[in-house]
J.: 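The structure follows.
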Amino acid sequence: MAASTATTAGTRRSTPPPSNARGAKAARQRRLRAGRRFEQGLSQAEVARRLGTSPQNVSRWHAKWRQGGRVALAGPTRLGRPPRLSDSDWRRVERALLAGAQANGFDTDLWTLPRIAEVIWRTCGVSYHPGHVWRLLRRHRWSPQRPARRASERDEAEIARWRAEEWPRIKGGR
């Protein structure tokens, strides 16, 4: 990124425009840039102007920087609440899911979200709302599957005849 950019008035600006990037990574980078500016001896107001953030943010960052340097500005390595299921817990749940619903004591071999929540509770002692189980499954790259159900009375020959003769007549065409 260029250190200076032309403005509409024809003058040159010595700092890049404020970053609109969002997210934990972008916030961490802004805090670390602020720490470098503090080390250079810039005032809080100047740091706020250069980074395009509020003076209140910079004041908080400066207090942290004075206490622990740039390391204090790095922030936590992981944001948010820690997962309730560890990797080993998830592997146990996954083995139970792969064994099938009937092997886990259910009447049919169809997995539903409440059933999966029950298996998680049985194997790990961790309670999940069935409505949240799908997020857990998606995070671990499990996809929803539906069983292919066919009527026992299904007549394949009649279906083929209907598709060949009746459907074109109903659909019409040229």
Side-chain angles (χ1 to χ4, degrees), residues 18-38 47-48 51-163 166-167 170-171:
S19 170
N20 292 344
R22 292 182 178 212
K25 186 177 180 182
R28 180 177 192 267
Q29 289 174 343
R30 266 192 305 276
R31 290 191 309 267
L32 291 175
R33 278 197 306 266
R36 285 192 296 274
R37 303 290 193 301
F38 296 147
V47 172
L51 295 180
T53 188
S54 71
Q56 293 86 353
N57 276 341
V58 174
S59 178
R60 275 184 302 149
W61 297 344
H62 190 263
K64 280 187 177 184
W65 174 77
R66 277 196 338 244
Q67 289 176 347
R70 269 199 280 172
V71 175
L73 292 175
T77 56
R78 185 189 187 299
L79 297 177
R81 174 182 255 175
R84 292 191 286 167
L85 284 180
S86 67
D87 290 339
S88 63
D89 288 340
W90 175 252
R91 284 192 294 273
R92 288 196 331 245
V93 170
E94 198 168 32
R95 279 194 300 271
L97 294 176
L98 290 171
Q102 287 181 328
N104 284 281
F106 296 105
D107 294 339
T108 64
D109 212 20
L110 178 66
W111 282 116
T112 63
L113 296 177
R115 285 181 177 187
I116 296 171
E118 175 71 24
V119 167
I120 293 171
W121 171 252
R122 285 185 204 164
T123 57
C124 304
V126 177
S127 175
Y128 276 100
H129 186 277
H132 182 73
V133 170
W134 70 270
R135 289 183 185 164
L136 184 66
L137 293 172
R138 193 173 64 189
R139 184 180 325 139
H140 291 282
R141 294 194 170 104
W142 280 67
S143 62
Q145 304 281 319
R146 297 217 171 145
R149 293 193 175 162
R150 302 233 168 169
S152 58
E153 306 86 22
R154 187 175 165 106
D155 183 359
E156 295 295 333
E158 178 59 22
I159 292 171
R161 185 204 61 79
W162 186 88
R163 280 189 183 149
E166 299 295 325
W167 177 243
I170 294 169
K171 184 178 174 186

J.: Evaluate the side-chain contact (heavy atoms from CB on, under 4.5 Å) criterion for residues Val47 and Leu51: first the C-alpha distance (whole Å), next the side-chain angles of each, then the deciding distance (0.1 Å), finally the verdict.
T.: CA-CA 6 Å; Val47 172; Leu51 295 180; 3.8 Å; yes
J.: Can you tell me if CZ on Arg154 sees more than 12 non-hydrogen neighbours from other groups inside 6.0 Å?
T.: yes
J.: CZ/Arg31 to CZ/Arg60 distance, rounded to the nearest 0.5 angstrom?
T.: 9.5 Å
J.: Quick one: does Phe38's side chain get under 4.5 Å of Trp61's, heavy atoms only?
T.: yes
J.: Which heavy atom of Trp65 sits nearest to which heavy atom of Arg70, and what is that distance?
T.: CD1-N, 3.9 Å
J.: Mind checking side chain to side chain donor-acceptor pair (under 3.5 Å) for Arg115 and listing every partner two or more places apart, or none if nothing turns up?
T.: Thr108
J.: For Val71, enumerate each residue passing the side-chain contact (heavy atoms from CB on, under 4.5 Å) test, keeping only those at least two apart in sequence or located in another chain.
T.: none
J.: If you round to the nearest 0.5 Å, how far is CZ of Arg91 from CG of Leu98?
T.: 13.5 Å
J.: Can you tell me how far CG of Leu97 sits from CH2 of Trp111, rounded to the nearest 0.5 angstrom?
T.: 5.0 Å
J.: If you round to the nearest 0.5 Å, how far is CZ of Arg33 from OG1 of Thr53?
T.: 10.5 Å
J.: How long is the straight-line distance from CZ of Arg92 back to CD1 of Ile120, given to the nearest 0.5 Å?
T.: 11.5 Å
J.: Counting C-beta onward and ignoring hydrogens, is there a side-chain heavy-atom pair between Trp134 and Leu113 closer than 4.5 Å?
T.: yes
J.: By side chain to side chain donor-acceptor pair (under 3.5 Å), which residues pair with Glu94, not counting sequence neighbours?
T.: Trp142
J.: Show every salt bridge (Lys or Arg N to Asp or Glu O under 4.0 Å) that has at least one partner inside residues 133-142, sequence neighbours left out.
T.: none
J.: Give the minimum heavy-atom separation between Ala103 and Ala99, together with the two atoms involved.
T.: CB-O, 3.5 Å
J.: Under the salt bridge (Lys or Arg N to Asp or Glu O under 4.0 Å) test, which residues partner Glu153, sequence neighbours left out?
T.: none
J.: Just wondering, do Thr123 and Asp89 contact through their side chains at under 4.5 Å, heavy atoms?
T.: no
J.: List in chain and number order the residues that pass side-chain contact (heavy atoms from CB on, under 4.5 Å) with Arg122, two or more places apart in sequence or in another chain; answer none if no residue qualifies.
T.: Asn104, Phe106, Glu118
J.: From Arg84 CZ over to Ser127 OG, what is the distance, rounded to the nearest 0.5 angstrom?
T.: 6.5 Å
J.: Quick check: do Leu136 and Trp90 have side-chain heavy atoms less than 4.5 Å from each other?
T.: yes
J.: Any idea which heavy atoms bring Ala101 and Asp109 closest together, and the distance?
T.: N-OD1, 2.8 Å
J.: Run the side-chain contact (heavy atoms from CB on, under 4.5 Å) check on Tyr128 and Ile116 step by step: do they pass?
T.: CA-CA 9 Å; Tyr128 276 100; Ile116 296 171; over 6 Å; no
J.: What are the two closest non-hydrogen atoms of Asp107 and Gln102, and how far apart are they?
T.: O-NE2, 3.1 Å
